[in-house]
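A short worksheet on the structure shown next.
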Number of protein chains: 2
Amino acid sequence: MSPVSTADGQLRPSHRRTAVVEALKGGNRFVSAQELHMRMVAEGTRIGLSTVYRALRDAEETGRVDVVQAGTGEKRYRWRRGGEHRHYLVCRVCAASRPVEAEAVEAWVASVVSASGFAAVEHTVELDGVCARCQRAAD
Amino acid sequence: MSPVSTADGQLRPSHRRTAVVEALKGGNRFVSAQELHMRMVAEGTRIGLSTVYRALRDAEETGRVDVVQAGTGEKRYRWRRGGEHRHYLVCRVCAASRPVEAEAVEAWVASVVSASGFAAVEHTVELDGVCARCQRAAD
DNA sequence: CTTGTTGCAAATTCTTTGCATGACA
DNA sequence: TGTCATGCAAAGAATTTGCAACAAG
């Protein structure tokens, strides 16, 4: 069954789920569910792939992680610190990420939305390139 | 085999591929490969799903279509008119799309990139919501 | 005990590929 | 006649789900 909120809105405790979150917090880069699972198993955590998927889906639905989609249709997750909505510039080679200052975009989105007649508009802004380090490594 | 360019850089003629492009031009909304295939078959065109996929991949690689990725990891395509790079506001319900004025974002992207040290940066800006018509239909 | 969580394997969904066939230059 | 496009079925890849075993309150 999928995790359910208890009366006070908190998720019921769970070693595994906690472990997933901890593993995610441990990195500053976007990782896929499978990568995260492999990493956890490699570090000795006994956990199933499904549980990792379930934990990440929960985290996504409750807005605790940022998500990007590679062109392959694979999702990559990154723990969201500070609880704010952010956008990132992600390296296509090493998946390192750096948050970018995105106020201008937020403002633009708001103006476009208000003029469109659309409701419940969500936005995705993804930037990906090759970071300076990987550029050097490519030589 | 995958389509190959001839000496003059043009794709070799092909009924099927042309048919895919025509079918795509026939709509103003983003469609998935499978939807497009079903539509073509329903209209009497004899064509295989693989061919639709191949044609769309070609079109994507040569920049003749705009692509968005639904949260499901499924790609949706829309014929690009006028050859310019555009961004769209897409309805989550009916997939109707309207291009948005995106100069502000392009400028923002350029400034972020120049300050980052990243190279070969690509950007994705996707806006999705519920269009006015589908809002009314929901009542 | 009862309820929610986990893991495994099977099932889904979207997309790509291998290969024999068919069509056009 | 040779080359490339096509279709079908099989292969792949990422993710979800059914279900029995299990852990915790």
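Numbered from 1 within each chain, the chains take letters A, B, ... in sequence-line order.
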Original post:
Rounded to whole angstroms, how far apart are OH on Tyr77(A) and P on dT15(D)?
Top reply: 6 Å
Subject >> Test of ring centre spacing under 6.0 Å for His123(A) and His87(A) >> reply: yes
**OP:** Could you tell me the separation between the CZ atom of Arg46(B) and the P atom of dC8(D), rounded to a whole number of Å?
**Re:** 6 Å
Subject >> Whole angstrom value for the distance that separates C1' of dT6(C) from CE of Met40(A) >> reply: 13 Å
**OP:** Check whether any side-chain nitrogen or oxygen of Arg54(B) sits under 4.0 Å from OP1 or OP2 of dT17(C), and answer yes or no.
**Re:** no
**OP:** Could you check which of dG7(D), dT15(C), dT6(C) has an atom nearest any side-chain atom of Ile47(B)?
**Re:** dG7(D)
Would you tabulate the side-chain donor-acceptor contacts of residues 129-138 of chain A under 3.5 Å, counting partners in other chains and residues two or more places apart, or write 'none'?
unit_1    : atom_1 : unit_2    : atom_2 : d
Gln135(A) : NE2    : Val130(A) : O      : 2.9
Gln135(A) : NE2    : Gly117(B) : O      : 2.8

**OP:** Find the distance Leu49(A):CG to dC8(C):C1' and express it as a whole number of Å.
**Re:** 11 Å
Subject >> For atom CG of Leu56(A) and atom P of dT5(C), their distance in whole Å >> reply: 16 Å
**OP:** Would you check if there is a donor-acceptor pair between the side chains of Ser97(A) and Arg78(A) at a distance under 3.5 Å?
**Re:** yes
Original post:
Tell me: CD of Gln34(B) to P of dT15(C), nearest whole Å?
Top reply: 6 Å
Original post:
Tell me: NE2 of His37(B) to C1' of dC8(D), nearest whole Å?
Top reply: 11 Å
Original post:
Within the structure, does a side-chain N or O atom of Arg57(B) lie under 4.0 Å from either OP1 or OP2 of dT17(C)?
Top reply: yes
Original post:
When you measure from the side chain of Arg92(A) to the backbone N and O of Ala120(B), does any donor-acceptor pair fall under 3.5 Å?
Top reply: yes
Original post:
Looking at Tyr53(A), does any N or O in its side chain come under 4.0 Å of the phosphate oxygens OP1/OP2 on dT16(D)?
Top reply: no
Original post:
Counting just side-chain N and O atoms, does Ser50(A) come under 4.0 Å of either OP1 or OP2 of dT6(C)?
Top reply: no
**OP:** Calculate the interatomic distance between Asp58(B) atom CG and dA5(D) atom P; express it in whole Å.
**Re:** 9 Å
